[in-house]
Amino acid sequence: MDFDIHSALPQWNDFEAAAREHDEDARALLNGYIRECLEAWAELDLHAEIARDVQVTGYQEDDAVELVRRIRAERRGQGAVS
């Protein structure tokens with residue numbers, strides 16, 4: 001499927017020009033933004049899952065925070081390997 005960036009994103013030309021002014025690649029910036037959104041949504045899902053688990057298991061908030069840190073570190077490690 002072809003993707004026409006100009007019809008999908010009407011401000012693309014302005015964004016591309018601004019990126020060039022800052023010596024940035026507009027496509028790389030957009031790709032980075034999309035990646036950040038996906039990671040943020042994954043973190044929100046993980047937080048909701050942990051919050052449900054905390055209620056069921058009786059873990060304290062500090063336990064959940066430590067668990068989140070460990071899971072994020074594991075995911076970063078897995079992403080680096082891929």
Side-chain angles (χ1 to χ4, degrees):
M1 178 171 95
D2 290 331
F3 178 74
D4 180 17
I5 199 159
H6 294 96
S7 63
L9 302 170
Q11 299 85 11
W12 178 256
N13 290 335
D14 295 336
F15 179 72
E16 198 170 34
R20 270 194 307 273
E21 288 178 15
H22 295 280
D23 295 324
E24 298 284 351
D25 177 19
R27 290 177 188 261
L29 289 171
L30 182 58
N31 187 48
Y33 175 73
I34 291 169
R35 184 176 40 255
E36 287 177 17
C37 286
L38 293 171
E39 288 173 3
W41 293 332
E43 285 188 23
L44 288 172
D45 291 343
L46 177 61
H47 177 73
E49 180 182 339
I50 290 172
R52 285 189 302 273
D53 290 347
V54 166
Q55 290 176 349
V56 171
T57 62
Y59 277 106
Q60 298 298 315
E61 184 177 352
D62 290 339
D63 299 326
V65 169
E66 180 57 33
L67 181 60
V68 168
R69 287 183 180 144
R70 278 191 272 144
I71 290 171
R72 287 180 182 161
E74 288 173 13
R75 285 186 178 176
R76 278 193 300 270
Q78 290 173 354
V81 174
S82 305

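Every heavy atom of this structure was used, including side-chain atoms; hydrogens, water molecules and symmetry mates were not. What you see is a predicted model, and the numbers here were worked out from it, not measured in a lab.
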Cluster check Leu29, Leu38: I/L/V/M/F/W/Y, side chain < 4.5 angstrom: yes
Check against salt bridge (charged side-chain N to carboxylate O under 4.0 Å, His left out), Glu66 and Arg70: CA-CA 6 Å; Glu66 180 57 33; Arg70 278 191 272 144; 3.8 Å; yes
Minimum side-chain heavy-atom gap His47-Glu43 below 4.5 Å: no
Phe15 vs Glu24 side-chain heavy atoms within contact, under 4.5 Å: no
same_hphob_cluster(Leu30, Trp41) at 4.5 Å side-chain heavy-atom cutoff: yes
Side chains of Val68 and Arg72 in contact at under 4.5 Å (non-hydrogen atoms): yes
From CA spacing to verdict: side-chain contact (heavy atoms from CB on, under 4.5 Å), Glu49, Asp45: CA-CA 6 Å; Glu49 180 182 339; Asp45 291 343; over 6 Å; no
Hydrophobic cluster membership, Leu9 vs Tyr33, 4.5 Å side-chain cutoff: no
Ala26 to Glu16 - nearest heavy-atom pair and separation: CB-CA, 3.8 Å
